[in-house]
Amino acid sequence: MTDTCSSRRGFLKALAMGAVGAPILGRAQALEAALTSSLDGLSFRADSVSAVRRLRDQYLLSPDLIYLNHASIGTVPRPVVDAHIGYLELCETHPSLYVWGDVWRVLAEGVRAQAAALLKCEADDLAITHNTTEGFNVLAHGLPLSAGDEVLFSSINHAGAAVAWDTLAERRGFTVRRFPFPVERGAELTQEELVALHVQAVRPETRVLVIPHVDNMIGLRHPVREIAAAVRDRGVEYVFVDGAQSVGMIPVDIGSAGVDAYAMSPHKWVQSPKGLGLLYVSEALRSQLPRMWHKTAESRMDGTARDYEDYSTRAWPAVVALGDALAFQAALGAAEKDRRYRALWRRVRDRVDSEASLAWRSPVTWSLSSVIMAVEVVGRPAPELGPELLETEGAVVRSFGGGLNSLRVSPNLMTSEEELDRFLDALAARGA
Ligand SMILES: Cc1ncc(COP(=O)(O)O)c(C=O)c1O
């Protein structure tokens with residue numbers, strides 16, 4: 001059992017809070033104990049068929065589905081679901097304590113510390129939000145920009161990191177420019193080309209660059225640190241990263257990335273309850289970026305990223321369960337997770353390469369790739385294939401039309417080789 005499950009420490013602090021916290025403590029400890037024992041039994045190993053099967057048993061996914069859409073929305077493991085339900089029930093035993101009691105806030109601090117450890121940043125730099133989109137709204141609403149300032153991103157940038165800028169540009173006086181990302185050449189792009197692509201797009205008026213760490217179409221792992229350093233040399237002041245698809249799937253080291261803000265959606269690859277986000281805001285940026293929500297008097301704000309989550313009433317049970325999701329992922333082991341993801345990527349890639357009817361559209365090297373994989377079925381429009389595969393195979397994937405014309409295959413650690421092969425057989429049979 002990993003010691004990152006620091007919500008347990010939070011409960012001990014809650015005990016110290018006295019009688020008002022005590023009624024929830026007994027139940028909470030039982031929930032914690034249940035979670036701990038299920039994590040102890042995981043002993044996940046990337047190369048063990050039985051370990052993958054054991055892991056699969058932890059999920060509620062329908063056995064009728066081949067769920068290859070973890071990039072759209074993740075699925076919460078049963079121990080975390082159970083813990084979450086337990087926290088919800090606890091809330092209902094003392095509802096006003098739920099809203100106003102400090103117990104839940106203390107627990108949330110444990111979650112923040114866990115997230116900071118995973119992301120290699122300070123807990124004070126992290127807000128626990130609702131999703132990536134909210135993070136970008138905070139940035140687009142508050143960043144001190146004015147007429148003549150430009151916000152820049154590529155055409156591969158997701159709506160959640162783009163539309164807030166588009167919508168607020170006119171009102172706030174800044175401009176937004178998209179440069180074309182050569183998604184059709186995604187397979188062959190090198191790190192150097194990726195850096196050059198961003199640097200060449202910068203103009204003297206560009207003050208902000210937004211980049212996805214991992215995009216949602218071809219799963220390209222952007223070289224964030226290199227791009228950030230290069231565009232800063234060209235005068236870009238703020239680099240903001242869309243980490244919706246990275247946290248929980250690939251290693252993230254915000255502390256050394258040289259970026260100002262990093263917004264995340266742990267309901268995807270951390271497999272937390274839905275509607276939970278994280279937002280890193282550097283200390284330097286915080287002094288310029290006002291908060292978006294206002295419930296607490298300005299004089300009581302503390303200048304940390306907590307100021308960006310002044311929501312008043314909120315879903316504390318889900319926030320606490322985020323800590324359990326982080327603990328679950330940590331118990332699997334970062335190295336074993338990476339090995340397993342890489343093995344899944346290799347299996348899909350090798351099979352696609354061996355079939356004349358299939359084409360690989362994601363980066364060809366693992367260092368630039370991820371388990372978000374774009375596969376074209378030659379001669380078949382992807383948007384019509386998606387529903388067909390669901391109907392006939394129970395396979396859940398996302399389709400992208402246009403120049404990419406691909407199915408997005410996004411498995412998870414517990415996806416079996418047998419499921420992947422069954423899906424790929426079905427694809428190969430449909431190609432021209
Ligand atoms: C790359 C990327 N950015 C942002 C988002 C938006 O995430 P959310 O809806 O959690 O805000 C998504 C969702 O799929 C995404 O894939």
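Counting convention: from 1, in listed order, for ligands and their atoms alike.
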If you look at each N/O of ligand 1, which protein N/O atoms lie under 3.5 Å away, and at what distance?
from	atom 1	to	atom 2	distance (Å)
ligand 1	3 (N)	Asp242	OD1	3.2
ligand 1	3 (N)	Asp242	OD2	2.5
ligand 1	10 (O)	Ser265	OG	2.7
ligand 1	10 (O)	His267	NE2	2.9
ligand 1	11 (O)	Thr132	N	3.4
ligand 1	11 (O)	Thr133	N	2.9
ligand 1	11 (O)	Thr133	OG1	2.6
ligand 1	14 (O)	Lys268	NZ	2.5
ligand 1	16 (O)	Gln245	NE2	2.7

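In this structure, Arg221 forms a cation-pi arrangement with Trp366, its terminal cationic atom sitting closer than 6.0 Å to the ring centre and no more than 45° off the ring axis. Both cation-pi conditions hold for Arg314 and Trp316: the charged atom is under 6.0 angstrom from the six-membered ring centre and inside a 45 degree cone around its axis.
Between Tyr311 and Trp293, the two ring planes are tilted [angle within 30° to 60°]. In this structure, His213 and Tyr262 have perpendicular ring planes: the angle between them is above 60°, well past the 30° mark.
With respect to Ser72, the side-chain hydrogen bond (donor to acceptor under 3.5 Å, both in side chains) criterion is satisfied by exactly one of Arg408, Arg398, Lys268: Arg408.
At a threshold of 4.5 Å between non-hydrogen side-chain atoms, the residues Leu220 and Ser362 do not count as touching.
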